[in-house]
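FYI, side chains are in, hydrogens and waters are out, and symmetry mates aren't considered; it's all heavy atoms of this structure. Residue numbers begin at 1 in each chain, while the letters A, B, ... track the order of the sequences.
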Amino acid sequence: MIIKYPRTDTSSSSISEKIGEYDTSISSSGSILSDPKFISNIGKPDITIKARQTLSKIEDPIVRNTANQLLYIINLLLQNYFADTDIPAIKAQVNDDGSVNFEWPFLHFRVGFNIELKIGESGWYIVSDDSAGSIMATGKIFNEVHTEKIVLWLLEFIILNY
Amino acid sequence: MNDKPVHYPDTFLRGISKGDLIIPETGGVTAELFLPNSKSAVAREDGCEDISINWEDNEDVVAFTLLLKKNESMYQFPNGLVRLNTEEIHRINSLPTMDAPLSYERNELENNPYHGNIVYKSGLTPRIKRMIATSLAISASPVVTRDNLP
């Protein structure tokens, strides 16, 4: 499965145009819940719903659209690769500096994404305690490495270990 | 000039001011508790950023920290505190992918002889700072509150 996403060109217009390819625009109310693309095609609960509800709190349109797009990728991968697996809802936090953080805060490990005002500084991270291997890793997203492959790898880790 | 080596105990405490810094599902704390405030970088001559801690020099420091007052009617840390091992700082600094991003110091205050700082090196990206803060958060003890005091 190939998912289009913004690459190295992070200019406002470029991202807006490419995000438009997903039709993930946010209505004036901030709600995208009525978007049929986000309705599960197998009747499973969408674990990104609560996180998406926070998107309207994000002031910067590029950050908001990029966050929206990331949640779309997460949801799409879950629907397509892990349809028989339940994982907890992803949590969202809009920070004072306008950035947003998405995270699964499990007891022994945490997997998350940060979307920064400078999109090129956005990234993913995985951190675990000693009982889960003392992992501490991070990398960028929305760059030359296919974001969906990074997300897929992280989802696999979650499903195998939570 | 005082060349006496500074002693650091094996553990330190981080107070929790806001309730939303606690994760209800796990009882753990969020990374935000350990993310430095960028305003601290302005205040520091070295350009680093820091978070305040109390060094656990003795068994009374937990109660001392929990009973610190913000003003006449409010506790400074109404939501409790967590304990961390000083070794965790060394562990993060020793990781091959890290360039010793953390240090620590004592910084006594007039009303708090245990006060100190965990110092984030200047120039760290938000992504790296969040990963470090998450690592500190996940290694923190369960939350201790005033209800736990004897």
Are [Y] and [X] connected in a single hydrophobic cluster, I mean Ile/Leu/Val/Met/Phe/Trp/Tyr linked by side-chain heavy atoms less than 4.5 Å apart?
X	Y	value
B/Tyr120	B/Leu21	yes
B/Ile51	B/Val143	yes
B/Val82	B/Val61	no
A/Leu55	A/Ile73	yes
A/Val100	B/Leu35	no

Please state whether the side chain, the backbone, both or neither of B/Ile132 comes within less than 4.5 Å of a heavy atom of chain A.
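For B/Ile132, the contact with chain A is made by backbone and side chain together.
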
Which donor-acceptor pairs fall under 3.5 Å between chain B and chain A:
unit_1	atom_1	unit_2	atom_2	d
B/Glu25	OE1	A/Lys91	NZ	3.4
B/Glu25	OE2	A/Lys91	NZ	2.8
B/Val29	O	A/Arg110	NH1	2.7
B/Val29	O	A/Arg110	NH2	2.9
B/Arg127	NH1	A/Thr138	OG1	3.1
B/Arg130	NE	A/Asn101	OD1	3.2

Output for pair (B/Ile23 CD1, A/Phe106 CZ), nearest 0.5 Å, gives 11.0 Å

Subject >> chain B interface, residue from A/Val127, A/Leu107, A/Ile135, A/Ile126 that has the most non-hydrogen pairs under 4.5 Å >> reply: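 Heavy-atom pairs under 4.5 Å are most numerous for A/Val127.
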
Those residues at least two apart in sequence (or on a different chain) that pass side chain to side chain contact (heavy atoms under 4.5 Å, CB included) with B/Asn117 are B/Arg44, B/Asp50, B/Ser52, B/Glu105, B/Asn107, B/His115, B/Val119

